[in-house]
Colleague: 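After the C-alpha cells below, expect a handful of questions from me.
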Amino acid sequence: MTIAENLRQVRARMAQAAQRAQRSPDEITLVAVSKTKPLALIAETAAAGQVDFGENRLEELWPKVDAAAAAGLNAIRWHAIGTIQSRKAKLALGPPTAESRTTSDAICLIHSVDRPKIAQRLSRLAADNDHPLDVLLEVNVSGELSKHGFSPASLVDALPALLDLPSLRYCGLMTMAPFVDDAEEVRPLFRKLRCLLQELRHTFPPAQFPQATWQHLSMGMTSDFEVAIEEGATIVRVGTAIFGHREYE
Ligand SMILES: *Cc1c(COP(=O)(O)O)cnc(C)c1O
C-alpha cells in the first residue's frame, strides 16, 4: 500500500463515520501523526494532499519543521500532540536554535496541556514572546493511572485559574483512550469528553470568556477514529493507518 492509498482509505472511513452521525466531513480535521517517520514520508503524505501533521516530541518536531521548510513544504500545519516536560516547555514556543529557518508560530495547536503547571509555564513563555498559544486541555476520562491529563472534576476546579492566565487560548479538549480490541469499548469515554465540553461551554461561555472558544474535540487514533467521529470528534490523530507500524516510539 502506498501512503496516498492509505490516506485515501482513512479519509473515506472518516467520511462514512461522519455520514453515520449526520455530520459533515468538512468539520473534521485529520492530523497525520508522523512521529518517528522521516521527512521523505512526510513529503509523500503532503504531496497526497495532507496538510496537518502531528508530532509528540518537541525535540523531534523542530528538526522536521526546519527540514520541511527547507524542502519547500510550506503549507504544512504542525500540531504538538505529546506530553510536554516542564523543562522543555520553551520548545513549544519556537525552535531551539536561532539558525532555524522557521518562525516561532510554526505550531498551530498544542493538544496536550495536561496539568496546571505546564499551563502556567506556557502562558509565561508565551507572554514573554508576545505570542499567545492555541491549546487544548488534555483530559484523562478513563481514569487509567498511566494516562496523562486532568480528571474531569479537577479540570472544572482548575479552570478559573487557567482562564486567568494571560496568554493561552483554550480551543477545546483532547483525550487519549486506552488501547482496547473493540473500539466500542471506548465509545463511552468519547461521549464523556463531548459532554464535558458541552458543560464547559455552559459554565465558561465564550461570550464571557473570549479566551475560551471550546470548539474542538481532539479524539480518536488508528484503532478508534471512526467511533470518535460518531461521538463528535473535530480532530482525529492518525499515525499507523497512514504510515504503517512504528519501529520505535
Ligand atoms: C502516536 C499518537 C497518535 C497516533 O497513534 P496511532 O495509533 O498510530 O494512530 C495519536 N495521538 C497521540 C497523542 C500519539 O502520541
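Keep in mind that the numbers below use all heavy atoms, side chains included, and drop hydrogens, waters and symmetry copies. First listed ligand is number 1; within each ligand, the first listed atom is number 1.
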Colleague: Just which atoms of ligand 1 are under 4.0 Å from any heavy atom in Arg237?
Modeller: 4 (C), 9 (O), 10 (C), 11 (N), 12 (C), 13 (C)
Colleague: Tell me whether Gly239 has any N or O atom under 3.5 angstrom from an N or O of ligand 1.
Modeller: yes
Colleague: Counting from 1, what ligand 1 atoms have a heavy atom of Val238 closer than 4.0 Å?
Modeller: 9 (O)
Colleague: Within the 3.5 Å criterion, strictly below it, is a donor on Arg11 or Gln16 matched to an acceptor on the partner's side chain?
Modeller: no
Colleague: I'd like to know whether ligand 1 has Arg246 as a neighbour, heavy-atom separation below 4.0 Å.
Modeller: yes
Colleague: With distance as the sole criterion, is a donor-acceptor pair present between the side chains of His216 and Thr234 under 3.5 Å?
Modeller: yes
Colleague: Say whether Arg115 and Ser86, considering side chains only, have a donor N or O and an acceptor N or O under 3.5 Å apart.
Modeller: yes
Colleague: Taking 4.0 angstrom as the limit and counting only heavy atoms of Lys35, give me the atoms of ligand 1 inside it, by number and element.
Modeller: 1 (C), 2 (C), 3 (C), 14 (C), 15 (O)
Colleague: If the cut-off is 4.0 Å to any non-hydrogen atom of Met176, which atoms of ligand 1 fall inside it?
Modeller: 12 (C), 13 (C)
Colleague: Would Asp52 and His79 count as having a side-chain donor-acceptor pair, cut-off 3.5 Å?
Modeller: yes
Colleague: Less than 3.5 Å between some nitrogen or oxygen of Thr222 and one of ligand 1, yes or no?
Modeller: yes
Colleague: Salt bridge check, Arg187 against Glu230: does any charged N sit closer than 4.0 Å to a carboxylate O?
Modeller: yes
Colleague: Which ligand 1 atoms are under 4.0 Å away from a heavy-atom of Thr240?
Modeller: 6 (P), 7 (O), 8 (O), 9 (O)
Colleague: Side chains of Gln120 and Lys117: any donor to acceptor distance under 3.5 Å?
Modeller: no
